[in-house]
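Reckoned from all heavy atoms, side chains included, excluding hydrogens, waters and symmetry mates. What you are looking at is a predicted structure, and each value in this text was computed from that prediction instead of being measured.
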Amino acid sequence: MNLKKYAIPLFLLNIAPTAAVQAEGDPLVFADVFGGYSWSQKQELDFTTARAGAPASLSFDDRDLSSGPVYGGRFGAWLMTHPSAGIAIDVTRFDSDIDNQTATINEQSAVFTGTRVGGTGDLRIANVVATIDLILRHKGERFTPYMMAGPGLMFTSIDDDGGVLGLQDDDHEMTFAFKAGAGISYKVNDTMHLFTEYRYLHGSPEYEMKATDAFTVPASTANSSVKLDIDTHVIVGGMSIRF
């Protein structure tokens, strides 16, 4: 893991609340909880490993990533000097599992070079995305539309349930992430709002693991990696408490 590329997101995660609190005037602090549904775009999965003791690369086309529940929370503040703008820390939890499915595989190895049909097995992928968001709103008497975007980090893990790739363990990775979205809130009273919003989340994890090289006698293990993009669309609804 290259820690240098995470320095800026980690710095932003550290200073964002301070930036809001130290603005002139008293910011309006808010805490949100939300839940909803996510669905991810099809992605190519790249697998590098060893076949017969030699380097091998396999590319699986158009993998379907699972849809499912999403939930999380957000904490931030509207700036009193610029009431149409706010800063928030947002944490979102969702899965991007890949179930066993027929795939077109482009393989380059000592065993086989060319295109064939096969499967990936079942890959369990769990994600937590933490972002620093800039939020811009057009405040209304009851309804307030808004949009947000920001960088962050994706904390993600993978586990090979099906065993087709021969992965021997799971892996946990941290990678750069990005979020953008828009929503609308409804003011119930001065301390509570209800909201619904759309979000787009992106991350590009690369998992480092050991995999079985079944083409050696006896079978051996090889350093391997699984790489894919995670592009996820999310619809959530939730409640916001204002302090």
Side-chain angles (χ1 to χ4, degrees), residues 6 9-10 12-13 16-17 30-45 62-76 86-101 120 122-137 144-161 170-186 188 192-207 226-242:
Y6 305 123
L10 287 170
L12 290 173
L13 284 170
F30 57 89
D32 302 346
V33 293
F34 56 82
Y37 194 77
S38 68
W39 65 99
S40 298
Q41 297 174 199
K42 288 186 175 184
Q43 298 291 352
E44 177 180 289
L45 184 149
D62 293 335
R63 300 296 78 218
D64 287 317
L65 278 64
S66 67
S67 303
V70 58
Y71 57 90
R74 175 168 55 202
F75 180 80
I87 299 176
I89 296 176
D90 183 283
V91 179
T92 307
R93 167 70 171 84
F94 66 99
D95 293 332
S96 303
D97 297 340
I98 300 177
D99 295 329
N100 192 27
Q101 51 196 283
T120 58
D122 293 320
L123 300 176
R124 307 295 97 185
I125 302 173
N127 311 296
V128 174
V129 175
T131 57
I132 293 295
D133 298 337
L134 172 64
I135 307 175
L136 301 177
R137 64 177 176 174
T144 298
Y146 59 91
M147 58 185 181
M148 69 282 191
L153 298 174
M154 175 181 282
F155 304 89
T156 179
S157 65
I158 188 171
D159 183 41
D160 182 10
D161 273 1
D170 57 9
D171 187 39
H172 304 271
E173 285 296 322
M174 180 176 68
T175 186
F176 177 79
F178 175 79
K179 185 183 80 178
I184 188 168
S185 68
Y186 172 74
V188 178
M192 186 174 72
H193 290 232
L194 301 177
F195 65 90
T196 184
E197 63 188 45
Y198 161 80
R199 301 156 167 232
Y200 165 77
L201 301 170
H202 169 78
S204 298
E206 182 172 359
Y207 308 98
V226 174
K227 183 178 181 179
L228 77 160
D229 290 331
I230 296 177
D231 294 298
T232 301
H233 305 275
V234 178
I235 296 292
V236 299
M239 178 177 65
S240 179
I241 302 298
R242 309 296 169 98

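- Within the 3.5 Å criterion, the main-chain N or O of G181 finds no donor-acceptor partner in the side chain of E197.
- The two atoms that bring D170 and I158 nearest to each other are CB-O, 2.9 Å, heavy atoms only.
- Taking the side chain as every heavy atom from C-beta outward, I89 and I132 approach each other to under 4.5 Å.
- Note that CG of L153 and CE of M174 are 5.5 Å apart. Values are rounded to the nearest 0.5 Å.
- In this structure, the salt bridge (Lys or Arg N to Asp or Glu O under 4.0 Å) partners of R93, at least two apart in sequence or on a different chain, are D95.
- For the residue pair S38 and F94, the shortest heavy atom distance occurs at OG-CB, 4.0 Å.
- Here the CD-NE2 distance, from Q41 to H202, works out to 10.0 Å after rounding to the nearest 0.5 Å.
- Under the 4.5 Å side-chain criterion, counting only non-hydrogen atoms from C-beta, F75 is not in contact with V91.
- Within the 4.5 Å cutoff, the side chain of L228 has heavy atoms near those of the I98 side chain.
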- Query: Given the rule in the side-chain contact (heavy atoms from CB on, under 4.5 Å) test, do E206 and S204 qualify, once you have shown the distances and angles that lead to the verdict?
  - Reply: CA-CA 7 Å; E206 182 172 359; S204 298; over 6 Å; no
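- In this structure, T175 OG1 and Y207 OH are separated by 9.0 Å, a value rounded to the nearest 0.5 Å.
- At least one side-chain heavy atom of M148 sits under 4.5 Å from a side-chain heavy atom of R199.
- Across all their heavy atoms, R63 and L45 have their closest contact at CG-CB, 3.9 Å.
- I235 is listed as a side-chain neighbour of W39, based on a closest heavy-atom distance under 4.5 Å.
- Annotation for Q101 and D62: closest pair OE1-O, 4.3 Å, computed over non-hydrogen atoms.
- Counting heavy atoms from C-beta on, the side chains of I135 and F30 come closer than 4.5 Å.
- Smallest separation of non-hydrogen atoms from P69 and Y37: N-CD1, 4.4 Å.
- When the ring-ring contact (aromatic ring centres under 6.0 Å, His included) test is applied to Y200, the partners found at least two apart in sequence or on another chain are H233.
- More than 12 heavy-atom neighbours from other residues, nucleotides or ligands sit within 6.0 angstrom of CE on M192.
- Considering every non-hydrogen atom in both V129 and A177, the closest pair reads CG1-CB, 4.0 Å.
- At a threshold of 4.5 Å between non-hydrogen side-chain atoms, the residues I230 and I125 count as touching.
- From S96, atom OG reaches atom CG of D229 across 11.5 Å, with rounding to the nearest 0.5 Å.
- Screening T144, I184, D32 against F195 for a side-chain contact (heavy atoms from CB on, under 4.5 Å) leaves a single residue, D32.
- Taking the salt bridge (Lys or Arg N to Asp or Glu O under 4.0 Å) definition, one finds that D99 meets it with R124, sequence neighbours left out.
- At a threshold of 4.5 Å between non-hydrogen side-chain atoms, the residues Y186 and T196 do not count as touching.
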- Take T92 and D90 through the side-chain hydrogen bond (donor to acceptor under 3.5 Å, both in side chains) test and state the conclusion after the steps. CA-CA 7 Å; T92 307; D90 183 283; 2.8 Å; yes
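- For the pair D122 (side chain) and N100 (backbone), a donor-acceptor distance under 3.5 Å is present.
- The distance from atom CG of L136 to atom CE of M147, rounded to the nearest 0.5 Å, is 5.0 Å.
- Considering CZ of F176 and OG1 of T131, their distance stands at 10.0 Å, rounded to 0.5 Å.
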